[in-house]
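Letters A, B, ... are given to chains in the order of the sequence lines, protein chains preceding strands, and every chain is numbered from 1.
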2 protein chains.
Amino acid sequence: MKREDNPLKSPPRCAHPCDDCGLRNNSAFLKSTAEELDAIESFRVGSRSVPAGRSLIEEHIRSPQLFTLYSGWAFRYKTLTDGRRQILNFLLPGDFIGLQDEFAEGNTHGVEAATDVTFCVFERDKLWTLFQRQPKLGYDITWLAAREEKMLDDHLVTAGRRNASERIAMLLMHLYRRAERIGMVEDGWVEFPFNQQHIADALGLSLVHTNKTLRRLQRLGLHKIDDGKLRILEPQALETLGDYFERPLRRVPLI
Amino acid sequence: MKREDNPLKSPPRCAHPCDDCGLRNNSAFLKSTAEELDAIESFRVGSRSVPAGRSLIEEHIRSPQLFTLYSGWAFRYKTLTDGRRQILNFLLPGDFIGLQDEFAEGNTHGVEAATDVTFCVFERDKLWTLFQRQPKLGYDITWLAAREEKMLDDHLVTAGRRNASERIAMLLMHLYRRAERIGMVEDGWVEFPFNQQHIADALGLSLVHTNKTLRRLQRLGLHKIDDGKLRILEPQALETLGDYFERPLRRVPLI
DNA sequence: CGAATGCTTGACGGTACTCAAAGATTGTGG
DNA sequence: CCACAATCTTTGAGTACCGTCAAGCATTCG
């Protein structure tokens with residue numbers, strides 16, 4: 001008998017085997033075969049939790065492990081030596097974490113929990129074995145990497161070529177759509193555990209200017225952020241302003 | 001008897017089989033086994049050339065093919081609907097191109113040749129077959145994707161958190177180091193087929209401001225750009241200014 | 001030699017940054 | 001339960017970095 005808990009709503013636990021994984025019932029993800037689940041199971045070495053504000057991966061230290069986020073919000077970031085921080089992207093349940101430093105010596109990203117998070121842990125050294133045993137899962141991982149690169153492309157366009165209000169419009173729609181896709185929206189509200197410094201660091205803006213721009217869009221009635229939750233009031237207006245239209249989202253593989 | 005031409009120096013031609021590939025003699029790349037070469041060979045459907053300034057991949061059109069750049073410089077970019085362009089990254093021989101739109105409907109990047117380029121063409125539909133037949137090559141492709149994502153991370157930090165001179169310092173060092181790695185530096189000079197508009201679009205700056213900043217760094221004696229070639233005069237100064245230190249570069253797989 | 005492309009420079013303006021300080025909210029300990 | 005600290009948000013003032021506009025110059029090419 002499966003427990004089928006939903007990590008998005010109930011307190012997460014992931015001690016159970018992958019074929020009983022609450023996230024896998026989510027319609028945003030592709031189904032895996034029994035053999036694939038088996039391979040994932042032996043790739044996985046356990047699960048961990050980290051409270052909001054703490055690190056999953058310390059910057060500049062190559063983690064010997066890979067993760068799949070199971071519940072909560074996190075983000076990847078890098079900092080310059082004088083402390084300026086850039087958030088690279090935001091992580092939601094199902095996101096596969098850590099592939100980027102497959103080869104880097106130092107100079108790696110950090111990953112921080114924005115809410116309390118739970119995640120599955122995989123041994124990096126077993127990655128190659130996984131590719132051998134189940135090429136399909138290797139293909140899936142590549143697919144996930146390509147998808148994340150695509151998101152980075154969009155963020156780079158944002159940071160490079162959009163002005164402040166366009167940036168904010170783009171980010172809000174992006175995050176909302178992604179959360180919506182995996183069923184994290186309830187009554188039009190999404191959990192939004194980011195403060196204005198996070199938004200500023202993601203968009204390459206200063207805190208003050210972020211505040212003023214955010215406030216202006218909210219006064220215009222385009223969105224609302226309240227009590228750690230986000231609501232989109234005028235999706236079309238925000239999409240047009242940000243010149244950002246989320247393409248139809250396919251089902252995504254889950255490792 | 002192998003021809004062993006060097007695509008970096010002599011006029012490129014790639015009608016010959018992969019085990020006779022000029023690029024594979026380059027010490028920047030990992031050696032492949034005979035079986036791998038065989039698999040790559042059957043994955044490949046031919047080679048093509050495109051003159052400077054023309055497209056390898058049209059923006060917004062999902063290419064049914066994947067490429068490996070064989071000779072020359074190219075770049076990936078995206079444009080907003082009002083024409084603002086952002087260059088996402090630069091492509092050198094050995095770079096694998098097109099994985100990013102593995103799933104995107106429209107909304108894809110464009111790829112343009114900066115010099116005359118030659119590249120190998122692969123059938124996207126055969127990618128999965130390749131993973132099955134040679135998981136190692138699948139692993140390599142993932143590796144390449146992760147590496148490119150890492151470069152995007154760095155560019156995002158640049159666009160988001162560095163000022164104009166820091167951006168330029170970072171970009172010049174980045175491009176120089178990458179070109180150097182595959183032996184494209186001769187007497188301290190690298191082919192540099194980019195105009196100031198390219199640099200501006202890569203860094204998220206205006207043309208005018210790019211010009212003034214570039215000029216200032218050149219007057220300071222940090223670098224020289226002349227006749228389509230770049231020379232780094234003060235690598236340390238540029239690295240410090242850009243807060244960007246290229247990590248030791250490993251050998252890279254070549255598909 | 002005129003057109004096209006790219007580089008350079010100056011003038012001016014605005015978007016976004018910095019500095020500063022005052023609310024608002026939350027958490028903590030006495 | 002209140003006081004105080006800590007964190008985050010908000011607002012104002014002044015500034016600067018960078019963008020836009022405009023025009024001149026250099027080089028290439030047909």
What class does the angle between the rings of B/Phe192 and B/Phe194 fall in, given that below 30° is parallel, 30 to 60° is tilted and above 60° is perpendicular? perpendicular
Specify the separation, in whole Å, of atom CD1 of A/Ile199 and atom P of D/dT10. 10 Å
Would you call the rings of A/His155 and A/His174 parallel, tilted or perpendicular if under 30° counts as parallel and over 60° as perpendicular? perpendicular
Which of these nucleotides, C/dT18, C/dT9, C/dC7, is closest to any side-chain atom of B/Lys212? C/dT9
Here the distance between atom C1' of D/dT7 and atom CG of A/Leu207, to the nearest Å, is 12 Å
Which nucleotide in the list D/dG19, C/dT9, D/dG12 gets nearest to the side chain of B/His209? D/dG19
Using the side-chain heavy atoms of A/Val208, tell me which of these nucleotides is nearest: D/dG19, C/dT8, C/dA20. C/dA20
Roughly, in whole Å, what's the span from CD1 in A/Ile225 to P in D/dC8? 15 Å
Quick check on DNA chain C: between A/Asp227 and A/Thr213, whose nearest nucleotide comes earlier from the 5' end? A/Thr213
Consider the side chain of B/Leu205, meaning its heavy atoms from C-beta on, and name the nucleotide among D/dG19, D/dT10, C/dT9 that approaches it most closely. D/dG19
Side-chain N,O (B/Asn211) to OP1/OP2 (C/dT8) below 4.0 Å: yes
Would you say the ring centroid of A/Tyr77 lies under 6.0 angstrom from that of A/His109? no
In terms of the nearest nucleotide of DNA chain D, which residue is placed more toward the 5' end: A/Arg219 or A/Arg161? A/Arg219
Between D/dG19 atom P and B/Arg84 atom CZ, what is the distance in whole Å? 12 Å
Do B/Asp187 side-chain atoms and B/Trp189 backbone N/O form a donor-acceptor pair below 3.5 Å? no
Identify whether any heavy atom of A/Gly228 sits under 4.0 Å from a base atom; if not, whether one sits that close to sugar-phosphate; answer base, sugar-phosphate or nothing. nothing
Distance check needed: D/dT28 P versus B/Asn195 CG, whole Å only. 15 Å
Can you check the B/Arg216 CZ to D/dC17 C1' distance for me, whole Å? 11 Å
Is the distance between the ring centroids of B/Tyr70 and B/Phe119 under 6.0 Å? no
Within the pair A/Gln197 and D/dT9, is there a side-chain N or O less than 4.0 Å away from OP1 or OP2? no
Of all the choices, D/dT20, D/dT9, C/dA16, which nucleotide is nearest to the side chain of B/Ser206 once you look at every atom? D/dT20
In whole angstroms, the gap separating P of C/dA16 from CZ of A/Arg215 amounts to 18 Å
